[in-house]
Every structure is written in structure tokens, then in C-alpha cells.
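Accompanying notes for the structure given below.
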4 protein chains.
Amino acid sequence: MRPGLKRLAKKTRPDSIRAEVPATGPGSEKYQRILDAAVEVIAEHGYFSSPVSAIAKRAGVADGTIYLYFKSKDDVLRTAIDSTFDKFHRQVEEEFRTLHDPRAQLEYIAQVHLESHAVNRSMAVLMQTEVRQSAKFIAEFSHHHLVKYIQVVREVVRRGQQEGIFRRDVSDGVVAHCMFGAIDELLSSAVFTGRVYDSKATAAQVMDVLLSGIQTK
Amino acid sequence: MRPGLKRLAKKTRPDSIRAEVPATGPGSEKYQRILDAAVEVIAEHGYFSSPVSAIAKRAGVADGTIYLYFKSKDDVLRTAIDSTFDKFHRQVEEEFRTLHDPRAQLEYIAQVHLESHAVNRSMAVLMQTEVRQSAKFIAEFSHHHLVKYIQVVREVVRRGQQEGIFRRDVSDGVVAHCMFGAIDELLSSAVFTGRVYDSKATAAQVMDVLLSGIQTK
Amino acid sequence: MRPGLKRLAKKTRPDSIRAEVPATGPGSEKYQRILDAAVEVIAEHGYFSSPVSAIAKRAGVADGTIYLYFKSKDDVLRTAIDSTFDKFHRQVEEEFRTLHDPRAQLEYIAQVHLESHAVNRSMAVLMQTEVRQSAKFIAEFSHHHLVKYIQVVREVVRRGQQEGIFRRDVSDGVVAHCMFGAIDELLSSAVFTGRVYDSKATAAQVMDVLLSGIQTK
Amino acid sequence: MRPGLKRLAKKTRPDSIRAEVPATGPGSEKYQRILDAAVEVIAEHGYFSSPVSAIAKRAGVADGTIYLYFKSKDDVLRTAIDSTFDKFHRQVEEEFRTLHDPRAQLEYIAQVHLESHAVNRSMAVLMQTEVRQSAKFIAEFSHHHLVKYIQVVREVVRRGQQEGIFRRDVSDGVVAHCMFGAIDELLSSAVFTGRVYDSKATAAQVMDVLLSGIQTK
DNA sequence: CATGAATGAGCGTTCATTCAT
DNA sequence: GATGAATGAACGCTCATTCAT
């Protein structure tokens, strides 16, 4: 891509040769190893109780090496959280292309959210423990991700209301927060107790409660 | 030493009466001032960014004084969180003596939970931001409180199921987590955005969703 | 590797002629580029605030390359200072072959010294800011150069005294230090304030003061 | 002084009892010990080669203690340099009250300047080695001090010119820089070689050269 | 010759905790 | 009981230097 530009700048090194992955870039193996190590260590001890040296050790690199790949300790955590949310949103976006029923869409979101536990337990712990921390640098950028998540749910709820599937006399915002909070709490509880569950089945149960309520008719 | 001063200050109250409240115990005024200061400061800057000296300054005492009342910095935070949960449970227990309808009981819990924001904003911030921290010393004992909260809700749900008010085909655990999570997330969102709301009205909305679901009949 | 490129650049000069200048020796182009870059960067930020990587970048070489041409970071600075003093002494020596009047000799030294600002401003800054640093490795070898400078002036003064042009009742050492210090301070002041001046005119003024004093007769 | 104000704020602690010297203030013994240690260590190894830990060790305190008395490592050096210049200016100001002849005034300045070597050799080294360093934070505030010194000399020179004692056809700025430079260089040379001299006699010699020139009549 | 990723010792600074007063 | 000066371990981060390629 943009071959003209590149060729102009580095005429002697054709794109065909190691065009991908700059040595210390996001794609390199060490980059990923550091990220994974950081997620593990921070999940175990918390951000502030995880010295950079502990992350480096877990990743099998020297302390200083971390700073070849990331600007700061903050940057490592930020990157890990960003990429998790990004993956979540990409997955949801992809599925929504073929899944149009609002009920099914909500259930899909619930399921993907709950699956995170199984996919990467450390990351799930980290998301539960650090994302809402009050340290301003984390809180502020994390908040942005949560807002985006809520917005996606709100849009689905609004569409469901327009289509007459959902009640119009409840606030889409309240519903979105309730749904996110319910799922997040189930996940959180599992994270803290070490319980495992079936994501699909649990998602179905949550949706049943959300859609029909718990009161007998 | 300095017996004159002491006598001057306490002259009106014989030692025999103050015996139950040790000078540095939970009842003393300074004890409470330190706790309040800690909650405020930690709510503003986070636990790890709140030096003990900042808490001492806010409380109007010397740094060292804190260690006459608490074993450690951890201990201060732990105590603050403990007492908040204790108060919550006492309040719920008290109300349940006269409030027996499971629906009303759940709504009462929701309302008290949501009210915490208005009652002590700093404490609400702290509960949202520090309680789930992964720093082991906080996470582990916090978990105990959350479990107790969930258990109270589960019992109410189970009673509702026995009384035929709630559906029997949903798990009381899932319902409890959903309810706690929904309320907590609404509170959390308000904390982060600085929004204010009407606790009673919001509690009613949440209960409406939880009891009746969002699906049109 | 990349033999084509190399051959293109050096095609006109057979190896037999380049034999005297080892590839990484003082005569090579890269050697000089590194020295120049070092002087510039150090003049801008100071020795201790100039990472080797910054010098390498400015010189357009890799960090490691510097160590092919110099033993250490110290060595780069030392070499730069050495070569500046050497050039100064060579220039003075050359001129003295045809310039024999002690007054004219002193004025020539003053002028060359003051000209350094115009010739290479970065080098002038570096000479004013780093040469007297207390970091032992710099201070000690710099001192040697200053001593040599003073000695040249002393010899001129002594010759002037022998020739009856200069008073015999003042110490040649004191005079030499006064002259060096006066010129150096004028240069230093210009370096720090960014002022520019006419080297010849300023040299004349300094010599006027030194030769005739400031007192009215 | 300002007893009303003080009494208002601290009514219970009469001024007569330890009215001077706040515990960590500039007057305390440890404050001075740290300053002295810093001057010594920095004079020996240079600012950037003097870890705070080395200064602390020399002062016989823990590393952290330094930060109870100074804001930063910079602050220690800055304070040392400031107080030296302040003392110099106070001394000159004081003497000028009774010493009015411009020639005598210049000679007094020269003498005080040269005496610094004997008074505190480490401080003299530090003044020679760090004051003109290029590290911006030092250079900029140091420059301010040098400018003030030069200004004092210029004023004396101008007064001498008005009184007809000094030639009017030489620039007061050039004369001031020459004089400062000459003295500073003599001092510097003594500092680097370890030579000792008689301040009064040397000051007299410098003034002789400056006033009468080195040329025979 | 040239590269630049990797190293790890060393830096300035913070802060929970202690203890002499 | 109360103080706050003092401690020193621990932190995040930098950078001179090496060495496999």
C-alpha cells in the first residue's frame, strides 16, 4: 500500500522484502510476549503492585527492553485494554452483518462478553480489576471504551423499540446499563470465585430474565 | 506527663465512664476523622496515589498519628469499606423487619444501594473504584462483602419463588447477580460521568425491567 | 553486500591509494560526520544530556557505528576538543613565522580566539560549556590544553619584556592569564547571550586595554 | 518581628521559645550539612556524576532526607550557587558604603573574588566547573548571576569615567568583561592546578595591569 | 564495516512506617 | 497520646555499550 510513497523514501529496499512488521512494532513476537506477560502479572497483583521488572521477567526480557516496545508502563496496560475492546467490537460488528434480530443481537453481545473469561482468564481478571480504577490515566480512557459498549447496546434496544419488539416505556439507557452490568457482574463473580460456566447457556439465561422478567404472569 | 493539660481537658468526665471507648478506638473522634479523610482523598486520587501524609493532612493530624489508630494504610481502607457494607446490611436488616413482600424488598435494596451516591459521594466513588482492585489485600476481603450482598438478594428471590411471585425456572444466583450488576453499573456510570439521578425513581425503573422484562407481550 | 553501491561511490580511487587512511580512521568521512554531529548535539544539550543515540542520529549512522570509530562517548568529546585546540595552535604557529612583533602576536591570538565563535558556533558553545566541566575525564585533559595556550602567551610576553616593549615589573603569568581570561569571558558572554561582534575590532579593543590600561594619564 | 501576626496564628506558643529556624528550614543544621556535602561532592565529581545518594552519604543522612530539605537535586545546587553569589554581593555592597574611589572599588571586587578560593575551596571549584555548564537549568539561572556581577563592575567603570579617572574611549562593557575574565581565569587556573596565592597581592597585580597596561611608556 | 535490538546497572524520587521527643 | 523528621527500600525509566546478524 502507498507504494509510491514508500519507494520514494527507501528506494533501495523493495516492499517485497520484510514489508510487514517493523522490528519493534506491534506485530513482533516480543511485543506480544510483553503484552501477555503484563496482562498476566497485572491480573495477579494489580497494576500498582506490578513492577515493570516483574513484567519483564515474566516476558523473559530485560527491564529496558519494555521501553523499546512501549512508551511507558501505562502504555503497556492501555494497549492491552485497547486491543481487547477493539477485538470485542470487531467481533460484534462482523456478526451484526448477518444477525439482525435485536434479541439475537443482545444475546450475541452477552455471549461474547461472557466468553472472554474462557478465552483469556488473565485478561478477564484485568478487565474486572483495573478498568474502573480511579487512577485517572486508566479511568479516563477506560471510560471511553465502556461508553462505546453501552452505546452499541442502546442502539440495538432503540431499534428493537422501533420494530415493536421491545417496550417503549423503558429508557434505552437504563436497559443498556442493566444488561451490561448484569453480564459484567456474572463475569466478575466467576473471575473472583474461579467458577466456570457455559457462555452460551448463561447468555441465554440473562436474556431470558432481561426479555421476560422474573415475575410470574 | 503533661498531667495538667489532660486534667484540664477531661476534668468533667471521670475515667470510669470512658472505660468502654479506648482513646484510639473506633468511637473516638479522631478515628472517624481519619476514616473520612481517607475516603475523601482515596476517592479523589485512588489508593495508590494517596500518600498517608495526604490523608493525615486532610484529617488534620500528624502522619504518625494514623498508626495509633490503624495498623497500616491498608487497614484504613479496609475499615472504611467494612463499615460501609456493615451499615448497608444493618439498614436492610432493619427494614426487612417490617417489609415482607419480595418485590418491595428487592426495590428497597436497589434504592439504598443507589442512594449511597447521594449520601456520601466520596464513599460511592471509592466503592466503585477501589473495591474491585486486584491488589490482593483489597480484592479478597471485598469479595467477601459482595458475596454477602448477593446472598441476601438470593434469599429474597428464593422466597419470592416459593411464594409463587417469581418464576421458578430461573436461577436465583443469576437473578441476584443480574440485579446487583444492573444497579451497580447504573451507580458506577453516574459516578464516572458525575450525573445525578433520583434514587427512588431509578430503583423503580430497574425493578420494572427486572420483574417484567423489556419484551412486549 | 550492496557491492554495486560501493563500487559506484569509490570507483575512481584504487585501493592502493586509500591504504594510508584506515577505513575507520580520522580521515574517513564518517569519522568527521560523527565528530561534527557530536559537537552540535552536545553544544545544544550538554554532554550528559546528549545520548549517544542522538549523536548517531544526527550523524546519520547507527548507534553501534560510533563505537567502530571511537572507544567511548568520552572519546568522541575528547577528540573534538583536541582537534579544535590543535587547529588553533597550528594556525598560531603558522602566523608567527611571519609575524614577529609581540603586540601584533598577542592581537593575532586574541583575534583567532574570538573568531572561533563565527567559524563554528557549536564548537564555541561546547568549548565554553563543557571544557571546564568537573567531570574528571574532561577537566583533566582540557586543563592540559589551557596550559599550553597560556604558555604560548607567556612566551610572547617574555619576549616583549626582553625587547623592552612590555613592562618588566609585571608577572608574565599574570598577564597571560589576564589576557586569556579577558578574551575568553568576552567570547563566553557572546555565546550565552547570542550576541555577535566583529572579531578584529574586539581584539583591538582588548589589546588597547591590555597594553595601555584604562587609567587616564 | 511581625509579632501580632505570629501570635494570632499560634497563640499558644510564645515567640520567645524557638522563634527562629523551622525544623527543615534553611537555618537548620542538617540543611547546611547537606549543602556543604553537595558542594564537596559536586566539586569532586561534577553535578551529573554525583548521585544524590553520594551527597546523602557525605552528609550522613538517608537519601530521602535530602528531599525533606530540598525540592530536587537541582534545587540543592541552585541554592548553593545562589547563596555564594548573594554573599559576594552583600559583601561588596557593605564595603562600597565606605569605599568610594572607583580604583579601590574594582580592587576590592577583585580581592573578594580571588579570596573565594581560600574561603571554600570546594565552592570555588564548583563555581568554576558547574556555573557555565550547558545543562540549561544551570546555565540559565547562573547567567543571571554573572550578568549582575558584570553590571556592578560596569557601574564602577562608568563612574570612574565620569570622574575623569578612567579613559572615556573604552567601552565599559568590554572593560568589565576583561576584568571579570582576568580574575576568573586566575582563580580557575589556581583551582585546577591547586596553586595558592595571596589574594590581596594578586588583586593588586591585576589592577595594575588593568589600570596602567603592560606597555612601557 | 554497519546495524540496531537488547541489556542491566544506575539514576532521581516517593512514601509507608518508625521512634525519639 | 501526638508529633513529624528520618529512614531506606522500591519504583519507573534512561542510556552507554555489546554483539548477533
Side-chain angles (χ1 to χ4, degrees), chain A residues 22-24 28 30-31 48-57 60-76, chain B residues 1-3 5-6 9-10 22-24 28 30 48-57 60-76, chain C residues 1-2 6 22-24 28 30 48-57 60-76, chain D residues 22-24 28 30-31 48-57 60-76:
Chain A
T24 62
S28 91
K30 241 168 221 178
Y31 181 93
F48 286 105
S49 305
S50 299
V52 169
S53 60
I55 296 172
K57 196 175 212 174
V61 300
D63 295 15
T65 303
I66 302 230
Y67 292 87
L68 296 176
Y69 293 83
F70 299 92
K71 282 204 300 288
S72 63
K73 190 188 173 190
D74 295 9
D75 190 35
V76 181
Chain B
M1 24 189 107
R2 294 199 307 162
L5 217 67
K6 222 169 195 168
K10 310 268 182 181
T24 61
S28 94
K30 250 174 211 177
F48 286 104
S49 303
S50 298
V52 169
S53 61
I55 295 170
K57 194 176 206 176
V61 300
D63 297 14
T65 304
I66 293 199
Y67 290 86
L68 297 175
Y69 291 84
F70 300 92
K71 283 204 306 287
S72 65
K73 189 188 172 189
D74 295 6
D75 190 34
V76 181
Chain C
M1 27 186 107
R2 296 200 307 162
K6 223 170 196 168
T24 63
S28 95
K30 248 174 212 176
F48 286 104
S49 303
S50 298
V52 169
S53 61
I55 296 170
K57 197 176 203 175
V61 301
D63 296 15
T65 303
I66 293 198
Y67 290 85
L68 297 175
Y69 291 83
F70 299 92
K71 282 205 305 286
S72 65
K73 190 189 173 189
D74 295 7
D75 190 35
V76 180
Chain D
T24 61
S28 93
K30 241 170 222 178
Y31 180 92
F48 286 106
S49 305
S50 299
V52 169
S53 61
I55 296 171
K57 196 174 212 174
V61 301
D63 295 15
T65 303
I66 301 231
Y67 292 87
L68 296 176
Y69 293 83
F70 299 92
K71 284 204 299 289
S72 62
K73 189 189 173 189
D74 294 9
D75 190 35
V76 180

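Protein chains get the first letters and strands the later ones, always in sequence-line order, with residue 1 at the start of each.
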Could you tell me the separation between the NZ atom of Lys57(C) and the C1' atom of dA2(E), rounded to a whole number of Å? 18 Å

Between C1' of dG4(E) and CD1 of Ile55(C), the distance in whole Å: 16 Å

Compare side-chain N and O positions of Thr65(A) against OP1 and OP2 of dT7(E) and report whether any pair is under 4.0 Å apart. yes

Just compare dA16(E), dT18(F), dG12(E) and give me whichever is closest to any side-chain atom of Tyr67(C). dT18(F)

If I take atom CG in residue Leu68(B) and atom P in nucleotide dG4(F), what distance separates them, rounded to the nearest angstrom? 13 Å

Closest-nucleotide mapping onto DNA chain E: is Lys73(D) or Val61(C) further toward the 5' terminus? I mean the 5' end. Val61(C)

Closest heavy-atom pair, Ser50(D) versus Ile55(D), reported as atoms and distance to 0.1 Å, is O-CD1, 4.4 Å

Find the distance Ile66(D):CD1 to dC15(E):P and express it as a whole number of Å. 18 Å

From the list dG12(F), dT3(F), dT7(F), which nucleotide is the closest neighbour of the side chain of Val52(A)? dG12(F)

Give me the atom names and distance for the closest heavy-atom approach of Val52(C) to Asp63(C). CG1-O, 4.5 Å

Minimum heavy-atom separation for Tyr67(B) and Ser72(B), please, with both atom names. CE2-CA, 3.9 Å

Heavy atoms only, 4.0 Å cut-off, all strands: where does Ser50(A) land among base, sugar-phosphate and nothing? sugar-phosphate

Give the rounded distance in Å between these two atoms: CZ of Phe70(B) and P of dT18(E). 16 Å

dT21(E) pairs with, by Watson-Crick or G-U criteria that keep both distances under 3.5 Å: dA2(F)

From the options dA6(E), dG12(F), dT7(E), select the nucleotide whose nearest atom is closest to the side chain of Tyr69(A). dA6(E)

Report the residue (Pro51(A) or Gly60(B)) whose heavy-atom-nearest nucleotide on DNA chain F is the more 5′ of the two. Gly60(B)

Relative to each other, are the rings of Tyr69(D) and Tyr31(D) parallel, tilted or perpendicular (30° and 60° limits)? tilted

Please state how far atom OH in Tyr31(A) lies from atom C1' in dA5(E), giving the value in whole angstrom units. 17 Å

Closest of dT13(E), dA2(E), dC15(F) to the Ser72(D) side chain is dT13(E)

Partners meeting side chain to side chain donor-acceptor pair (under 3.5 Å) with Asp75(C) (sequence neighbours left out): none

Out of dT13(E), dG4(E), dA16(E), minimum distance to the side chain of Asp63(C) belongs to dG4(E)

How close or far is atom C1' of dC15(E) from atom CZ of Phe48(A), stated in whole angstroms? 14 Å

Considering only side-chain heavy atoms of Ala62(B), which listed nucleotide, dA16(E), dA2(E), dT3(F), is closest? dT3(F)

Name the nucleic acid region contacted by Lys30(C), choosing base, sugar-phosphate or nothing; use a 4.0 angstrom heavy-atom cut-off, strictly under. sugar-phosphate

Find which nucleotide of DNA chain F each of Gly64(B) and Asp74(A) is nearest to by heavy atoms, and output the residue with the more 5' nucleotide. Gly64(B)

